[in-house]
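A quick write-up on the structure given underneath.
Throughout, protein chains are lettered first and strands after them, A, B, ... in sequence-line order, and every chain is numbered starting at 1. On a predicted model such as this, the values are computed, not experimentally measured, just so you know.
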Amino acid sequence: MTRYSAADIEAKWQAAWDKADVFRAAKSGDKPKYYVLEMFPYPSGRIHMGHVRNYTMGDVIARQKMTTGHNVLHPFGWDAFGLAAENAAIDKGIHPAKWTYQNIEDMKAQMKPLGISHDWSREIATCHPEYYRHQQSMFLDFLEKDLVYRRNAVVNWDPVDMTVLANEQVIDGKGWRSGADVERRELTQWFFKISDFSQELLEALEGLDNWPAKVRLMQENWIGKSRGLQFSFERTDGAGEIEVYTTRPDTLLGASFIGISPDHPLAKSLAKTNPDVAAFRAECAKGGTTEEALEKAEKLGFDTGLTVKHPLDDSWELPIWIANFILMDYGTGAIFACPAHDQRDLDFCRKYNLPVVDTFFALDNHKPVGNEAFVPPKTEKVKWVNHFAGLDVATGQEAIDATIDLAEKDGWGLGVTKFRLRDWGLSRQRYWGCPIPVVHCETCGVVPEKKENLPVQLPDDVSFDQPGNPLDRHPTWRQCTCPKCGGEALRETDTMDTFVDSSWYFARFTAPRAETPTDAEEAGYWMNVDQYIGGVEHAILHLLYSRFFARAMHICGHLPAEAVEPFDALFTQGMVTHAIYENAERRTDNGRAIYHYPEEIADHDGELVVRETGEKIKVIPSAKMSKSKNNVVDPVTIIRDFGADTARWFVLSDSPPERDVEWTAAGAEAAHKHLTRVHRIVTDIVASDTPTSPTEDEALLREMHKTIHDVTGGVESFGFNAAIAKLYAFSNTLSRSKAGTHTKRQAATALVQLMAPMTPHLSEELWTMLGHDGLVTTAAWPVPDEAMLVDDTVTLPIQINGKRRAEIDVPKDMNKAEVEKIALSNDAVQRALNGAAPKKVIVVPGRIVNVVV
RNA sequence: GCCCGCGUGGUGGAAUGGUAGACACAGAGGACUUAAAAUCCUCAGGCAGAAAUGCCGUGCCGGUUCGAGUCCGGCCGCGGGUACCA
């Protein structure tokens, strides 16, 4: 008897697939196409369990589709530009390109043994000029179609390193290398006009039936459509007005002050003459740019001393304050505050001793406003103290609509629809990204590079010995000729956000070597992605940007109209998480936490310590595996010790794919044991010669058909863990069955085929062992016999008052009255009834009986 | 802060509004073995009970329903996103 040796089997069958070239995709007329795509990885250098989980899921889908008559495209590539490469350049002195390409090689070497059905002939890397030249060319198309523009926007500025920081590089408001207080600073930057598509991107969400509801909801909220009132408060000094936008115009009677953003034109102009305003603005500019940082920052205010008039009452004056929590990017950069009915406004008023206009709702037990605002839900009816907008009693929404109507009728305001979605800033002041193909000319201004001059290629000779963008200080790279006037000009040194790279790679995969960004015929055939799979952390940005990009590409003729929603079905897998081990005794020189790899940790009598030094460890429970936290677990050892099939089986079993899983080392061994057992079960069957036994054979075949049915359903609906549970159960059934050898071989064949998408190498081996020709990878998927799926009798639980008390076996199609009669004559029911008649009897055919006593 | 999600035995988890705990891991007991490993068999939510059985039980509080892990409302805890990590 041969033992299961993953190493031998896996190398052998991978070679066989290569030889038969089974995963190379090509257009074909005779089969429906199926494009399955996993989100491509960032080449960090090591694959981790999250990758294995992601690609294995995609592989199960791809392989199962191959065997159900589909022409499958399953490509792979690298999201290769990014910040980490520059950090490596700074920390280790390696050139970002060298680091990236080396990582790609390393990760490929770790990926290949997994036996994923990727078509490697289509491999792309976004940092390759052959990729980004098409991206530059599309940027020029977008420019021509007015989908790109420049304006000022804020960045995180490190005043010590004199450099722009990513949000990730701002920790508690300080630069991660310098430790200096970060400031917000304005730069002129490039933007995609994604906000022009707000309404369309919102509406089209409804059609995405095969996307998770939560992702659609998150995008809907992100786009954030709102209808509100836009109107102006006139300044009492006659020097103009303050325009505000509010989604709660119904609270206008409670207006207590006007707040403007520190970046509001009025605040800026006051700062020119008033040093206190300038100082306050500088104070507000401290800290990072994230919405979280802005929202959580301590609320600060500054009294301008100016006042405005209430639009409904000329004698009602309100003060104008500058407040740090008001964003210039949303609405008009100015608001009115209603402290009686908004907690944040109330807190602000209490802090700065501003007068608070009392509640204007007629509350049953009215008390003057204390430190708690009364916030009725938009759908709740409230009664007014005074008639307002012609209303006496109304819900918030009715009041909002009525107020807008009133304002429009009386001519002092306008109902306006706004979106939260902002334009997509794509400028990055960094080296390792796709250069933005424009030049700056003294005479012509900003001029697009000529397409024939693409790619605008990154220079290789750059240094990272000082902070900032190396492109800015490169001795020659910037110098170029103006494409318009032919005079001397300077290249743009901003590169593109890496989200641009990942917003169209799925389209490039359909024709990865085409001379244009896409090939109309190939894109027409392969698009859309039928099944897209990736981490839920991409629910908003990547997926929304891609939806925009597909529309923009369509406008420029790079994608057909049907491809504006590029992902027909989306599955968001959960993350593989792991505890983070923070050193509790030591920090870095500039006070940052030190994180240790799981393998550096030892357990000393229940206390976790650093193995080498014995330093105590603070365990941070469970978080997304992240390089910066050193909590990434490496799957390579599992593959080496147990083989790819074990790793694949293991990541699919036990946890539902959409759920986060906490990584544990235990379990891989168990998965391997099971595969060994399947190998032994099949080996034993092949060697056996048991005569047929009608009842045993029938029982086994019934189980086989049920298993085929359940596993097929599981695989097609991402219920991989449930499918694997069925396969475990069926292995048990098969191994204990007394059926004849002929039937057992049939059952073993089904088992091997059903396992094939998950454990393709082992399945190929056993397929051959069972005497089948060809590859199980291309053999037709088994189909269950419907007649074998239904049992003649069913076991019905009997509940008394909703609690299970007994069960009865009845023929499956027995009518309700019969079932009720049998149920009522049951001992447990008789006991519960104690001679009385039941109040009610519910019979759900084939399901349950509930007797109410 | 805001948006989204999740919470079930010692552990991972299963369960179209219909028998809560399938299938596994760890555990206990047994068979085989000189012994161990491997393998096979059995047990196993908690409490009470010899057992039959009864009561409790899906983060907490409340609601809808003949029936709630599942639907609704309110909390608590954890995770993701928060526009320059990808």
Each base of RNA chain B marked ( ) or [ ] if paired in-strand (Watson-Crick or G-U under 3.5 Å), | if paired to another strand and . if unpaired gives (((((((..(((.....[....))).(((((.......))))).((((....))))..(((((..]....))))))))))))....
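- In this structure, of B:C23, B:G80, B:G13, it is B:C23 that holds the atom nearest to the side chain of A:Ala725.
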In a table with atom names and distances, give each donor-acceptor pair under 3.5 Å that connects a side chain of residues 793-804 of chain A to protein atoms at least two apart or in another chain.
from, atom 1, to, atom 2, distance (Å)
A:Thr795, OG1, A:Asp809, OD1, 2.6
A:Asn801, OD1, A:Val853, N, 3.1

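- Comparing B:C84, B:G13, B:C85 by their nearest atom to the side chain of A:Tyr545 picks out B:C84.
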Got a list of protein N/O to nucleotides 7-9 of chain B N/O distances below 3.5 Å?
from, atom 1, to, atom 2, distance (Å)
B:G7, OP1, A:Arg659, NH1, 3.4

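- In this structure, A:Gly425 reaches the sugar-phosphate backbone alone: every heavy-atom distance under 4.0 Å involves primed, P, OP1 or OP2 atoms, never a base.
- With distances taken from any side-chain atom of A:Arg422 to the nucleotides B:A86, B:C84, B:A83, the minimum falls on B:A83.
- For A:Arg150 and A:Phe191, the positive end is not near the middle of the six-membered ring at less than 6.0 Å and at most 45° from its axis.
- Partners of A:Leu208 under the side-chain contact (heavy atoms from CB on, under 4.5 Å) rule, at least two apart in sequence or in another chain, are A:Leu205, A:Trp211, A:Arg216, A:Arg547, A:Glu565.
- Of the candidates B:C84, B:A24, B:C4, B:C4 carries the atom nearest the A:Asn221 side chain, counting heavy atoms from C-beta on.
- Aromatic ring centres of A:Phe192 and A:Trp190: separated by at least 6.0 Å.
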For every nucleotide of nucleotides 15-20 of chain B, 5' to 3': is a protein heavy atom under 4.0 Å from its base (B), only from its sugar-phosphate (S), or from neither (-)?
-B-BB-
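- Each salt bridge (charged side-chain N to carboxylate O under 4.0 Å, His left out) pair with one or both residues in residues 840-853 of chain A, not counting sequence neighbours, would appear here, but there are none.
- Rounded to a whole Å, the CG atom of A:Leu294 is 12 Å from the C1' atom of B:C2.
- Taking only side-chain atoms of A:Arg805, from C-beta outward, the nucleotide of B:C85, B:G80, B:C55 with the closest atom is B:C55.
- A donor and an acceptor atom sit less than 3.5 Å apart, one in the side chain of A:Glu291 and one in the base of B:G1.
- Because its glycosidic torsion is more than 90° from 0, B:G10 is reported here as anti.
- Between atom CG of residue A:Leu751 and atom CZ of residue A:Phe730 there is a gap of 6.0 Å, rounded to the nearest 0.5 Å.
- Here B:A86 is the nucleotide among B:A86, B:C84, B:C66 with the atom lying nearest to any side-chain atom of A:Leu83.
- Here A:His538 lies in heavy-atom contact (under 4.0 Å) with a base.
- With B:G81, B:C40, B:G12 as the choices, the nucleotide that has an atom nearest any side-chain atom of A:Glu537 turns out to be B:G81.
- In this structure, the CG atom of A:Leu544 is 17 Å from the P atom of B:A86, given to the nearest Å.
- Regarding A:Lys673, its NZ atom lies at a distance of 5 Å from the P atom of B:U39, rounded to whole Å.
- Two residues, A:Val215 and A:Leu421, neighbour RNA chain B, and the one matched to the more 5' nucleotide by heavy-atom proximity is A:Val215.
- A:Asp791 meets the side-chain contact (heavy atoms from CB on, under 4.5 Å) test with A:Arg702, A:Lys706; sequence neighbours excluded.
- Mapping A:Ser427 and A:Met218 onto RNA chain B by nearest heavy atom places A:Met218 at the nucleotide closer to the 5' end.
- A salt bridge is absent between A:Lys193 and A:Asp423: the closest approach of a Lys/Arg side-chain nitrogen to an acidic carboxylate oxygen does not fall below 4.0 angstrom.
- Between A:Lys351 and A:Glu298 there is a salt bridge, since at least one side-chain N of the basic residue sits less than 4.0 Å from a carboxylate O of the acidic one.
- Which of B:C41, B:G1, B:C84 sits closest to the side chain of A:Glu292 comes down to B:G1.
- Residue A:Arg831 is out of contact with every strand shown, counting any heavy-atom pair closer than 4.0 Å.
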Please list, pair by pair, any protein nitrogen or oxygen found under 3.5 Å from a nitrogen or oxygen in nucleotides 45-47 of chain B.
none

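- Residue A:Lys214 is classed as a sugar-phosphate contact, given heavy-atom separations below 4.0 Å to backbone atoms only.
- Here A:Pro656 lies in heavy-atom contact (under 4.0 Å) with sugar-phosphate atoms only.
- Residue A:Trp424 is out of contact with every strand shown, counting any heavy-atom pair closer than 4.0 Å.
- A:Leu217 comes within contact range of the sugar-phosphate backbone alone, with a heavy-atom separation under 4.0 Å but no base atom that close.
- For A:His672 and A:Tyr4, the ring centers sit closer than 6.0 Å to each other.
- Distances from the side chain of A:Asn732 to the nucleotides B:C84, B:A86, B:A24 place B:A24 closest.
- Heavy atoms of A:Phe325 sit nowhere under 4.0 angstrom from any nucleic acid atom.
- With respect to A:Phe40, the ring pair (Phe, Tyr, Trp, His ring centres under 6.0 Å) criterion is satisfied by exactly one of A:Trp504, A:Tyr505, A:Tyr532: A:Tyr505.
- Residue A:Arg677 is in sugar-phosphate contact alone, with no base atom involved, counting any heavy-atom pair closer than 4.0 Å across all strands shown.
- A:Gln429 comes within contact range of at least one nucleobase, with a heavy-atom separation under 4.0 Å.
- Each of A:Tyr545, A:Phe499, A:Tyr149 was checked for a ring pair (Phe, Tyr, Trp, His ring centres under 6.0 Å) with A:Trp424, and the lone residue meeting it is A:Tyr545.
- Proximity of residues 187-197 of chain A to RNA chain B (heavy atom under 4.0 angstrom from any strand atom) is restricted to A:Gln189.
- Within the 4.5 Å cutoff, the side chain of A:Val215 has heavy atoms near those of the A:Leu570 side chain.
- Shown here is A:Asp472, whose CG atom has more than 12 heavy atoms of other residues, nucleotides or ligands within 6.0 Å.
- When atom types are taken as modelled, the side chain of A:Asp342 and the backbone of A:Asp345 share a donor-acceptor pair closer than 3.5 angstrom.
- Evaluated for a side-chain hydrogen bond (donor to acceptor under 3.5 Å, both in side chains) with A:Arg428, the options A:Asn469, A:Asp497, A:Thr498 yield exactly one hit, A:Asp497.
- The side-chain contact (heavy atoms from CB on, under 4.5 Å) check on A:Asn732 picks up A:Arg677, A:Arg736, with sequence neighbours excluded.
- Qualifying ring pair (Phe, Tyr, Trp, His ring centres under 6.0 Å) partners for A:Trp432, counting only residues two or more places apart in sequence or in other chains: A:Phe81.
- Residues satisfying the side-chain contact (heavy atoms from CB on, under 4.5 Å) criterion with A:Arg420, sequence neighbours excluded, are A:Trp222, A:Glu291, A:Tyr330.
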